[in-house]
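All values reported here derive from a predicted model rather than from experimental measurement.
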Amino acid sequence: MSIDSSDLFGALFEAPPANRTVPVLVPMPAPKPYSYSVPEGMAVEPGSVVQVPLGPRQVIGVVWDGGEDGVDPKKLRPISHVFDCPPLSKEMRDFIDWVASYTLSPPGLVARMALRAPNAFEPEPMVEGLKLAGGEPERMTPARARVLAAASDGLSWTRSGLAHAAGVSTSVVDGLITLGIFETVFLPPPPVVAMPDPDFAAARLEGPQKEAAAEIVSDIRRGEFSVSLIDGVTGSGKTEVYFEAIAETLKRGKQVLILLPEIALTASFLERFQDRFGAKPAEWHSDLAPRMREKVWRQAVTGEVRVVAGARSALFLPFEDLGLIIVDEEHDPAYKQEDRVFYNARDMAVVRGRIGDFPVILVSATPSVESQVNGQIGRYSTVHLPTRFGDAALPDLHLIDMRRHPPERGFLSPVLIRAIGKTVERREQALLFLNRRGYAPLTLCRVCGHRFQCPQCSSWLVEHRFRKQLQCHQCGHAERTPEACPECGTLDHLVACGPGVERIAEEVERHFPEARTIVLSSDMLGGVKRLRLELDAIARGEADIVIGTQLVAKGHNFPLMTLVGIVDADLGLANGDPRAAERTFQLLSQVTGRAGRTGLKSHGLLQTYQPQHPVMQAIVSGDSDAFYEREITERESAALPPFGRLASIIVSAETRHDAENHARGMRNAAPQVSGISVLGPAEAPLALVRGRHRFRLLVHGRRNSDMQGFLRAMLSQSPKERGSVQVQLDIDPQSFL
C-alpha cells in the first residue's frame, strides 16, 4: 500500500518524539511560518490550531505543512497550547496558500480570515438537562401530570424546554426537581439551526426550470469539480433551480455554502430556504453577534451545520466536508474585498471548488463578462432560463429623453410623474432608483462659491438633510450643516447641487402628498435591522412609492411593484472605469427586473440624456446578447480582462511628495518583460483619502503573462517602505479610484 508524503507527515505527528520543531502560521503579515518546538507529550499535526508566544504576546496559529528546518528545538520557543478542535484540512491549507500566492498577500493574513472566531476553538460547554428518575409526587396536580407525561419518553430535556412542551411555568419543573422526580444530566450544546431536509417540500418546477435543474443535478451526481453558470432573466426561478442542487448535495452527505452579495438579502432568502428545506441555513456575515459567529464556525468545522448562507468572508470557513458552493448574483462588485487581502470571492470560490474537487454554481440575471466568456469557450457549462416563472412577463421598458421631456421643477420628468400617479391610483407600487445616497452630492455658497469638501479626502461632503449633516462617504467625517457660509459668513445662501434619494423623496412628497413613501439606503438610521423591516413592509404592500439606491436592485421580490423609474440612468457611465458600461447595464437591468414579478403588467422608464448610448439601447430592447457581444469584442481588442491581465498598485503617504517619489521608484524598478507594461504613476482619482495622498500604477499584461512573478521581481527591487509610505497590491482590480 502506497502512502503519500502528507500521510507520512501526519503519521509522524501521531506519535510525537520529544523536542520536535514544526512550522506555525500566525495571523500576522509575515512572509512564511515561524518555527516552534513541540513540548514532550504534546500531539500536533498539520492543521492543528495552537497558541504560541510571539514577542510578549500569546497568539493563535495553525501548524503548517513542511518538515523540520534543522534548528535545534532547544533554541526555539515551545507551543503553549493545542486547542481541542478539528485541524484545518489539507484542502483548506492548500486554499490559504493558493490565495496568498495569487494575491501576493502574507499567508498569515489569509489564514487569519479562517480563524475569525477564537472562542470557538475549544468545545462548547455541555448544557445542564433533566431526565425522569422515577417516582411520583405525593400531591399530583394537572400541571405536574403534564410535565411527567411529556418526560415519560425517557429522553433528556432542558428545564425551559420541558416546561414549554408541557405548557407550564418553570416553577412546576423546579418543584419536581426538588422532590427528586428528575435527575440532572448533561446534554451536548444545541445546533445553531435545525438539520435541513432535502425532501421537505417538493419543488414546483416548469419546463425550462426542470431542464436546468436536471442538468445541474447531473453535475452534482458526478461528484467532481465543475463550474456551472445559471444565466436567467430576473424572476426566472434561478433560486429554485439551485435549490435542487443543494438538495442533491445534502442527500450525498456533503455541506453547502451559499454566497450572497449583501446582508440585506439574507432575510428573504432565509425564508425561501426554510419553505423548501424545513429549516433555515446558518448565517455568516459581519453583522452576526460574536457568540453566534463562534457557534457557526465550530459547527461548520465539526459538520453539525450542513448549509451556510453568508457574505464573501464565509468562503474562508473551514468546513468539515464541503461539497458545493453557490455564488448568487455572481457579477456583484460586493464580492471584491479591498482591505488587507484583496480578493474576489467569486473567483476564489472557483479555486476552492477545484482544490476540493467539488462543483461550483454561479448565478446571475446579468453575468459578468468574464463568466460569459468562460461559458463561451467551454470552461463553464451554461444553463439558460430565458423566461420568467409562471405567467409573469418582463416589464415594458422605455427611455425618457430628458432633452425633450425635461423636469418642470426638480429632477423628475413629467412623463415619469404621470406614470407614478397612474400606478398609485391602481393601488400598485412604484420604485424610483437613484444610486446616490443623501440629499445632495454637493453644497456650495451662492455668494462666494465656497464648496464644502472633506478635510481628509478629495471628495465633496454629501448633505444628509434628514440628519442635518454634511458627510464624507469615503472616511465617514461628518459635520453639522451650517446656517452661514464658513468662507464669507453669508446667511441662507447655501445651495444643494444635484439630487440624492432624500431630495427625490422631497420632490415625490410634493407631487403625491397622500402617498406612503419609503426611502431605502445603506446609511439609513437603524442599520440592517431597520432595512429588513422596511423591505418586509414593502413586500406586504405597506408602501406606495419606494425610493432607493442599489440596495433595492438585488434579489427582492415585491409582489405589487409594477413601475420602476430610473432617475439618472447615465450616472454610472460618467467615469473612467473600463467596466462602466457593463456595470451600468447590470445594475439597471437588475433594478427594472423588480417590476412585474408576480404577473401584473409592468413598466420601466429610464431618464437619460444619452438615449442612443449602446447600454440604453440594449436595456430597452432586451437584447443582452448584442450588448455582451459588443462588450466582449471591445475587451478583446484592448486586451482587457478576461483577454488580458491587470494589477493595481496604490502608493499612499502622509505627504504628496513621499507618495509620488515612492511610486516613481517602484516604476523605475519594474523589470523589462515582453508582454507586460506599467502605466503611471499618476495621482489617483481619489487623490486624498483619510489624510493620505495616493498615487496609482497600473500593470497590464497578456492573458498568459506571469503577473505574480513580474510583481514579485518589481517589489524586490523597489525602494523599501519608509516613514508613512504604504503600498497596496490589487490583482484583478475592480475599482479604479
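Panel note: side chain R696, backbone A682; no donor-acceptor pair is recorded below 3.5 Å. In this structure, the side chain of R354 does not engage the main chain of F225 through any donor-acceptor pair within 3.5 Å. Although no hydrogens or angles enter the test, the distance criterion places a donor-acceptor pair under 3.5 Å between the side chain of R503 and the main chain of G498. S458 places a side-chain N or O within donor-acceptor distance of the main-chain N or O of A687, the cut-off being under 3.5 Å. With D570 contributing its side chain and Y609 its backbone, the two residues share a donor-acceptor pair below 3.5 Å. Within the 3.5 Å criterion, the main-chain N or O of V341 finds a donor-acceptor partner in the side chain of Q337. Side-chain N or O atoms of T608 include none that pairs as donor or acceptor with a backbone N or O of A569 at under 3.5 Å. Without hydrogens or angle criteria, Q617 side chain to P611 main chain gives a donor-acceptor distance under 3.5 Å. Using a distance-only test at 3.5 Å, with no hydrogens or angles considered, a donor-acceptor pair links the side chain of Q708 to the main chain of Y102. Looking only at distances, a side-chain donor or acceptor of T592 sits under 3.5 Å from a matching main-chain atom of L588.
For the residue pair Q728 / R694, no side-chain donor-acceptor distance below 3.5 Å is found, with atom types taken as modelled. Counting only N and O atoms by type, the side chains of S381 and E215 include no donor and acceptor under 3.5 Å apart. In this model, a donor atom of one side chain and an acceptor atom of the other lie less than 3.5 Å apart for R346 and S368. S105 and R340 share no side-chain donor-acceptor pair at under 3.5 Å. Between the side chains of R712 and S101, at least one donor-acceptor pair of N or O atoms lies under 3.5 Å.
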Report the C-alpha distance between Q586 and R579 in whole Å, list the side-chain angles of each, state the deciding distance to 0.1 Å, and finish with yes or no for side-chain hydrogen bond (donor to acceptor under 3.5 Å, both in side chains). CA-CA 11 Å; Q586 290 165 341; R579 293 186 176 87; over 6 Å; no

Just do the side chain to side chain contact (heavy atoms under 4.5 Å, CB included) check on R312 and Y343 with the steps written out, would you? CA-CA 10 Å; R312 60 176 181 248; Y343 70 92; 3.8 Å; yes

Carefully, step by step, assess K336 and D730 under the rule salt bridge (charged side-chain N to carboxylate O under 4.0 Å, His left out). CA-CA 10 Å; K336 177 73 177 189; D730 185 0; 2.7 Å; yes

Where do E240 and R204 land on the salt bridge (charged side-chain N to carboxylate O under 4.0 Å, His left out) test, with the steps shown first? CA-CA 8 Å; E240 284 71 20; R204 217 169 39 87; over 6 Å; no

Using the side chain to side chain contact (heavy atoms under 4.5 Å, CB included) rule, take S218 and R221 through it: C-alpha gap first, then chi angles, then the decisive distance, then the call. CA-CA 5 Å; S218 175; R221 286 174 178 162; 5.9 Å; no

Checking Y335 against M348 for the side chain to side chain contact (heavy atoms under 4.5 Å, CB included) test, could you report, in this order, the C-alpha distance in whole Å, the side-chain angles of both residues, the deciding distance, and whether it holds? CA-CA 10 Å; Y335 285 122; M348 297 304 105; over 6 Å; no

Output, in order, the C-alpha distance, side-chain angles, deciding distance and verdict of side chain to side chain contact (heavy atoms under 4.5 Å, CB included) for R645 and V699. CA-CA 8 Å; R645 301 199 61 195; V699 184; over 6 Å; no

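Interatomic distance, L686 CG to S735 OG, rounded to the nearest 0.5 Å: 8.0 Å. Annotation: the span from I220 atom CD1 to R252 atom CZ amounts to 8.0 Å, rounded to 0.5 Å. Rounded to the nearest 0.5 Å, atoms CG (L606) and CD1 (I619) are 6.0 Å apart. Rounding to the nearest 0.5 Å places CZ of F342 at 10.0 Å from OG1 of T103. Summarising the geometry, atom CG belonging to D231 is positioned 9.0 Å from atom CD belonging to E330; distances are rounded to the nearest 0.5 Å. Note that CD1 of I504 is 12.0 Å distant from CD1 of I545, once rounded to the nearest 0.5 Å.
A 4.5 Å side-chain heavy-atom check between D732 and N344 finds every atom pair outside the cut-off. With a 4.5 Å cut-off on side-chain heavy atoms, P733 and E338 do not count as touching. Using a 4.5 Å cut-off on side-chain heavy atoms (C-beta onward), W98 and R352 make no contact. Residues L434 and P499 meet the side-chain proximity criterion, which asks for heavy atoms closer than 4.5 Å. Residues P642 and N374 fail the side-chain proximity criterion, which asks for heavy atoms closer than 4.5 Å. Contact check for Q372 versus T382: no side-chain heavy atoms found under the 4.5 Å cut-off.
No option in R276, K210, Q209 other than R276 meets the side chain to side chain donor-acceptor pair (under 3.5 Å) test with E244.
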Quiz: residues 622-632 side-chain donor-acceptor pairs under 3.5 angstrom, not counting sequence neighbours:
from, atom 1, to, atom 2, distance (Å)
D623, OD1, A626, N, 3.1
Y628, OH, P367, O, 2.6
R630, NH2, E634, OE2, 3.2

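The shortest heavy-atom contact between L257 and L322 is N-CD1, 3.8 Å. When all heavy atoms of A581 and L573 are compared, the closest pair comes out as CA-CD2, 4.0 Å. When every heavy atom of F243 is checked against every heavy atom of F277, the shortest pair comes out as O-CZ, 3.3 Å. The two atoms that bring T366 and S589 nearest to each other are CG2-CB, 3.6 Å, heavy atoms only. For the pair D219 and S226, the tightest heavy-atom approach, listed with the atom from each and the gap, is CB-OG, 3.9 Å. A419 and L605 make their closest contact through CB-CD1, 3.6 Å (heavy atoms, listed as atom of the first residue, atom of the second, distance).
For the pair K238 and E329, the salt-bridge criterion is not met [side-chain N within less than 4.0 Å of a carboxylate O]. The pair R379-E370 does not count as a salt bridge, with every side-chain nitrogen at least 4.0 angstrom from each carboxylate oxygen.
For F319 and F358, the ring centers sit 6.0 Å or farther from each other.
Judged by the 6.0 Å distance and 45° axis criteria, R635 is not positioned over the aromatic ring of F643.
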